[in-house]
Amino acid sequence: MIEKVKDSLAFLFQQINAPINFQISYIKQFDDVDDYEIKKTSAEVPLYTLIDENKYKEWDTIFQLGMQKEVHTRIFHEYREFISLIKKDGGLSYDFLIVHIQLQEYSKIGFRDYKKYENFEWTAKHKFPTFLDYLIEQFFYSYREPSLIPYSDIIRRAGELFVVEMMSNVNINFNHDINILSALKYEKSDNGGNLLICTDMDKVSCLLDIKLDSAISLFEYKKIRKLFEVARDDVFLVGTPRKAYGFITKTSLYKINDFQVFQIKIHGAINWELLKFDNIELESISLIQCKDSKYQYSKPKFNEEEFIDIINSNFAHRF
């Protein structure tokens with residue numbers, strides 16, 4: 001089982017352009033709580049302690065989490081870990097899996113905030129705003145399904161959930177709206193506009209360079225599509241996941257420094273990208289791309305620290 005799950009996850013990561021290294025721990029619990037088997041794909045992976053005085057406490061924690069049938073996560077010794085019940089064979093026989101990912105691996109997909117996190121206990125709530133986390137969660141849920149679920153559906157579910165939750169669940173049809181807007185042409189030209197989604201429009205309104213007389217709903221696709229013709233290059237259409245309120249230039253955008261701002265960058269028909277504006281670096285960081293209705297990372301990220309480590313380990317002894 002452990003190799004099958006590892007191969008499946010590796011394939012999913014490949015499909016979304018996430019070159020992430022990971023390990024898996026497999027726990028098989030039998031009828032007696034003293035009788036269990038642990039396997040893992042690498043001896044270097046820090047596995048929770050199931051020995052001595054911590055043995056029963058840790059097992060009870062894992063057992064209780066598994067019975068909830070949710071995917072729980074924690075940070076443990078600089079690893080991001082996901083635990084899930086995989087199979088129940090009747091009685092008290094359960095199979096659990098834990099996915100271990102080193103925190104620095106997240107830099108490969110452009111996520112930088114992992115350095116801010118310290119160890120925390122198992123929780124069902126998301127701690128990292130990354131598409132990868134949602135994908136692992138949906139994979140575990142799908143793995144327990146009695147019917148076979150295609151990989152494409154797992155990726156689609158994870159992508160849609162991730163985008164909607166980044167939009168604070170304000171518009172559950174947000175993915176659909178952006179797909180339609182991206183596909184609409186204006187005088188035979190493709191859409192290549194920018195939309196900024198702000199968490200607090202009251203604070204942004206005073207910074208708008210051009211304010212609309214009245215907000216326009218994203219459902220009014222033709223009107224919004226015309227506005228996108230103005231929102232190109234260093235000009236952005238600004239709004240919430242439901243409505244557009246006006247335009248802002250990149251110069252004015254730099255004045256926003258105390259709340260989250262997301263950017264939707266449209267590259268053409270059914271091809272758009274969700275980015276997060278970094279107020280410190282004054283740049284937009286790609287979170288996910290929807291291309292031909294397939295969710296993925298825009299491209300594998302170059303990891304400078306990893307590259308230097310590889311060079312040092314392979315060539316240092318020659319100098």
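The residues of the chain are indexed from 1 along the displayed sequence. Basis for what follows: all heavy atoms, side chains included, without hydrogens, waters or symmetry-related copies.
The shortest distance between side-chain heavy atoms of Phe236 and Leu195 does not fall below 4.5 Å. In this structure, the side chains of Gln23 and Gln102 stay at 4.5 Å or more apart for every pair of heavy atoms. The shortest distance between side-chain heavy atoms of Ile248 and Leu237 does not fall below 4.5 Å. The shortest distance between side-chain heavy atoms of Met201 and Val238 falls below 4.5 Å. Counting only heavy atoms from C-beta outward, the side chains of Trp122 and Glu81 approach each other to under 4.5 Å. Residues Tyr245 and Lys243 meet the side-chain proximity criterion, which asks for heavy atoms closer than 4.5 Å. At a threshold of 4.5 Å between non-hydrogen side-chain atoms, the residues Leu135 and Tyr295 do not count as touching. Counting only heavy atoms from C-beta outward, the side chains of Phe262 and Leu275 never approach each other to under 4.5 Å.
Note that the CG atom of Leu12 and the CZ atom of Phe139 stand 6.5 Å from one another [nearest 0.5 Å]. Between the CG atom in Leu9 and the CD1 atom in Ile24 there is a gap of 5.5 Å [rounded to 0.5 Å]. Here the CZ atom belonging to Phe131 is positioned 10.0 Å from the CD atom belonging to Gln138, to the nearest 0.5 angstrom. Expressed to the nearest 0.5 Å, how far NZ of Lys115 lies from CD of Glu118 amounts to 15.0 Å. If you take OH on Tyr186 and CG on Leu227, they are separated by 10.0 Å, rounding to the nearest 0.5 Å. The line from CG of Leu85 to CD1 of Ile83 is 9.0 Å long, rounded to the nearest 0.5 Å.
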(request) Check the pair His72, Thr123 against side-chain hydrogen bond (donor to acceptor under 3.5 Å, both in side chains), reporting the backbone distance first and the verdict last. (result) CA-CA 5 Å; His72 286 73; Thr123 174; over 6 Å; no
(request) Begin with the C-alpha distance, continue with both residues' side-chain angles, and end with the deciding distance and a verdict on side chain to side chain contact (heavy atoms under 4.5 Å, CB included) for Gln15 and Gln296. (result) CA-CA 7 Å; Gln15 294 301 299; Gln296 60 188 29; over 6 Å; no
(message) Determine whether Phe76 and Phe120 satisfy the following criterion, ring pair (Phe, Tyr, Trp, His ring centres under 6.0 Å), listing intermediate values before the conclusion.
(response) CA-CA 7 Å; Phe76 182 71; Phe120 60 79; over 10 Å; no
(message) With side chain to side chain contact (heavy atoms under 4.5 Å, CB included) as the criterion, how do Ile197 and Val261 come out once you've worked through the C-alpha distance, each side chain's angles and the decisive distance to 0.1 Å?
(response) CA-CA 6 Å; Ile197 304 295; Val261 177; over 6 Å; no
(request) Run the numbers on Asn194 and Gln263 for side-chain hydrogen bond (donor to acceptor under 3.5 Å, both in side chains), then give the verdict. (result) CA-CA 7 Å; Asn194 294 295; Gln263 176 187 355; 2.9 Å; yes
(request) Mind running side chain to side chain contact (heavy atoms under 4.5 Å, CB included) on Lys185 and Asn191 for me, showing each step along the way? (result) CA-CA 6 Å; Lys185 293 182 179 291; Asn191 194 347; over 6 Å; no
(request) For side chain to side chain contact (heavy atoms under 4.5 Å, CB included), just list the numbers for Ile109 and Leu132, CA-CA rounded to whole Å, side-chain angles, deciding distance to a tenth of an Å, and then say yes or no. (result) CA-CA 9 Å; Ile109 53 175; Leu132 185 74; 4.0 Å; yes
(request) For Asn271 and Gln289, run side-chain hydrogen bond (donor to acceptor under 3.5 Å, both in side chains): C-alpha distance rounded to whole Å, both residues' side-chain angles, the deciding distance at 0.1 Å, then the answer. (result) CA-CA 7 Å; Asn271 187 354; Gln289 182 177 12; 3.0 Å; yes
(request) I would like to know whether Lys116 and Asp113 meet salt bridge (charged side-chain N to carboxylate O under 4.0 Å, His left out); could you show each step before the answer? (result) CA-CA 6 Å; Lys116 301 177 182 178; Asp113 292 342; 3.5 Å; yes
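Ser298 and Asn17 make their closest contact through O-ND2, 4.2 Å (heavy atoms, listed as atom of the first residue, atom of the second, distance). Of all non-hydrogen atoms in Arg232 and Gly193, the two that sit nearest each other are CG-CA, 4.4 Å.
Between Tyr117 and Phe111, the two ring planes are tilted [angle within 30° to 60°]. Between Tyr106 and Phe128, the ring planes lie perpendicular to each other; the angle is over 60°, past the 30° to 60° tilted range.
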List the atom pairs, donor and acceptor, that lie under 3.5 Å between side-chain atoms in residues 206-216 and the rest of the protein, sequence neighbours left out.
residue, atom, partner, partner atom, Å
Asp209, OD1, Ser252, OG, 3.1
Asp209, OD2, Thr249, N, 2.7
Asp209, OD2, Thr249, OG1, 3.1
Asp209, OD2, Ser252, OG, 3.1

Under 3.5 Å donor-acceptor pairs involving side-chain atoms of residues 148-170, not counting sequence neighbours:
residue, atom, partner, partner atom, Å
Tyr151, OH, Ser8, OG, 3.1
Glu165, OE1, Tyr134, OH, 2.8

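By the neighbour-count criterion of 12 heavy atoms within 6.0 Å, atom CD of Glu121 is sparsely surrounded, having that number or fewer from other residues, nucleotides or ligands. By the neighbour-count criterion of 12 heavy atoms within 6.0 Å, atom CD of Glu78 is sparsely surrounded, having that number or fewer from other residues, nucleotides or ligands. Other residues, nucleotides and ligands place more than 12 heavy atoms under 6.0 Å from the CG atom of Asn119.
Separation of the Phe82 and Phe140 ring centroids does not fall under the 6.0 Å cut-off.
Salt-bridge check for Glu105 with Lys108: passed, with a basic side-chain N closer than 4.0 Å to an acidic carboxylate O. Between Glu273 and Lys265 there is no salt bridge, since no side-chain nitrogen of the basic residue lies less than 4.0 Å from a carboxylate oxygen of the acidic one.
A single hydrophobic cluster is seen to contain both Leu103 and Phe22, as judged by linkage of ILVMFWY side chains at heavy-atom distances under 4.5 Å, directly or through other members. The cluster map of Ile, Leu, Val, Met, Phe, Trp and Tyr, joined by side-chain heavy atoms under 4.5 Å apart, puts Val230 and Tyr221 in the same cluster. Follow the hydrophobic side-chain contacts under 4.5 Å out from Ile270 and you never reach Leu274; the two are in separate clusters.
A distance-only check finds no donor-acceptor pair linking the side chain of Asp292 to the backbone of Lys294 [under 3.5 Å]. No donor-acceptor pair under 3.5 Å is formed between the side chain of Ser84 and the backbone N or O of Ile86. For Asp177 (side chain) and Leu218 (main-chain N/O), no donor-acceptor pair under 3.5 Å exists by modelled atom type. Listed for the Asn171 side chain is a donor-acceptor partner under 3.5 Å among the backbone atoms of Pro241.
Note that Arg225 lies outside the cation-pi zone of Phe228, set by a 6.0 Å cut-off to the ring centre and a 45° limit from the axis. Figure legend: Arg80 and Tyr114 shown without cation-pi pairing, the cationic atom not lying both under 6.0 angstrom from the six-membered ring centre and within 45 degrees of its axis.
Using modelled atom types and a 3.5 Å distance limit, the side chains of Asn179 and Ser182 yield no donor-acceptor pair.
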